[in-house]
Every structure is written in structure tokens, then in C-alpha cells.
Amino acid sequence: MSKIPNTKFLVCILFFSIISLHAQDDAAELAKKLANPIASLISVPFQNNSDYGIGDLKGSRNTLNFQPVIPISINENLNMIGRVVLPIVTQNNITGVSEKQSGLSDAVVSGFFSTKNTKNGFTWGACRFSYTHGNR
């Protein structure tokens, strides 16, 4: 009777080892895609910048950039990767003493065309287009 529990124990260890190896492969593949700016992967990064000592009143500004990247399949061989940079700004003591402003800054929309398949270890991306809109 002592051999059956040992067999179940070994089967469980083997099963969880296989799952662990598969998860490591998935994590490595995801890391590879995240490092590739033209990968077919939706990402929604945020970037925060803080500035202090602005102007005569030594004001401050915080800019949070919302930067989604969205690949769109054009056909079986071609993707268009769309990217938006939308700055959300809050500032204090820049236009006057104890004055605060907040809102959206200039938005930038850009796109890239890229093949879906890799050839000889390379994937190309080209034809960048860009549009900026703001209240200047």
C-alpha cells in the first residue's frame, strides 16, 4: 500500500513541473513581445513626470501620459500599430499665486505599418504617420 501514495506524489510533482516550465516559456515569450515596439500586443503604459521650481512663483507641474498601443490587423501579412500619447496635466502656482489648472495637453496620434511574420530573425516596420492636436 505504501507504493500507491508515492506514485501519486511523483505524478503530482511531474504535473506541476510541466506547468511551471510552460509558464516560464509563456513569460519569456511575453517579455520578448514587450521588448518589440511593433509586436502584435496591446499595451497601455502610463508615464508620470513631475517638474518643480517653474517660473517666478516656483510653481509645480505634474504630467501623466496615457499611452495606449493597439495593433490592428490590415490583412493576413500586415499590421498597423496605432499609438496615442495623451498628457493629463495638473499645475500649481504657475499662472498666479495659489492658482491651480488641470486638463489635457497636446495629444499625439501616430501609426506604423509592420509585417506579421519574421524573416531571417527580423520584422520590419515603416511608414510612420503622426498627427498632433493642441490648443496653441
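Note that these values count all heavy atoms, side chains included, but never hydrogens, waters or copies made by symmetry.
- Asn77 has its side chain out of reach of Thr115: every pair of non-hydrogen atoms, C-beta onward, lies at least 4.5 Å apart.
- Note on residues 57-109: pairs passing ring pair (Phe, Tyr, Trp, His ring centres under 6.0 Å), not counting sequence neighbours, are Phe46-Phe66.
- Leu86 CG to Leu64 CG: the interatomic distance, rounded to the nearest 0.5 Å, is 9.0 Å.
- Judged as a side-chain contact (heavy atoms from CB on, under 4.5 Å), and not counting sequence neighbours, the contacts of Gln101 are Gln91, Thr95, Glu99.
- The ring pair (Phe, Tyr, Trp, His ring centres under 6.0 Å) analysis of residues 85-105, with sequence neighbours excluded, yields no pairs.
- Ile81 is listed as a side-chain neighbour of Val69, based on a closest heavy-atom distance under 4.5 Å.
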Indicate every side-chain donor-acceptor pair of residues 51-58 with a distance under 3.5 Å to a residue at least two apart or in another chain.
none

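- Take Asn48 and apply the side-chain hydrogen bond (donor to acceptor under 3.5 Å, both in side chains) test, not counting sequence neighbours, and it matches Asn62.
- Its side chain outside the 4.5 Å cluster rule for every partner, Val89 clusters with none of the Ile, Leu, Val, Met, Phe, Trp and Tyr residues.
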_Criterion side chain to side chain contact (heavy atoms under 4.5 Å, CB included) on Val108 and Asp106, from CA distance to verdict_ = CA-CA 7 Å; Val108 177; Asp106 295 352; 5.7 Å; no

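- Looking only at side-chain heavy atoms (C-beta outward), Ile74 and Asn79 stay at 4.5 Å or farther from each other.
- For the ring pair (Phe, Tyr, Trp, His ring centres under 6.0 Å) condition, no pair includes a residue of residues 73-99, sequence neighbours left out.
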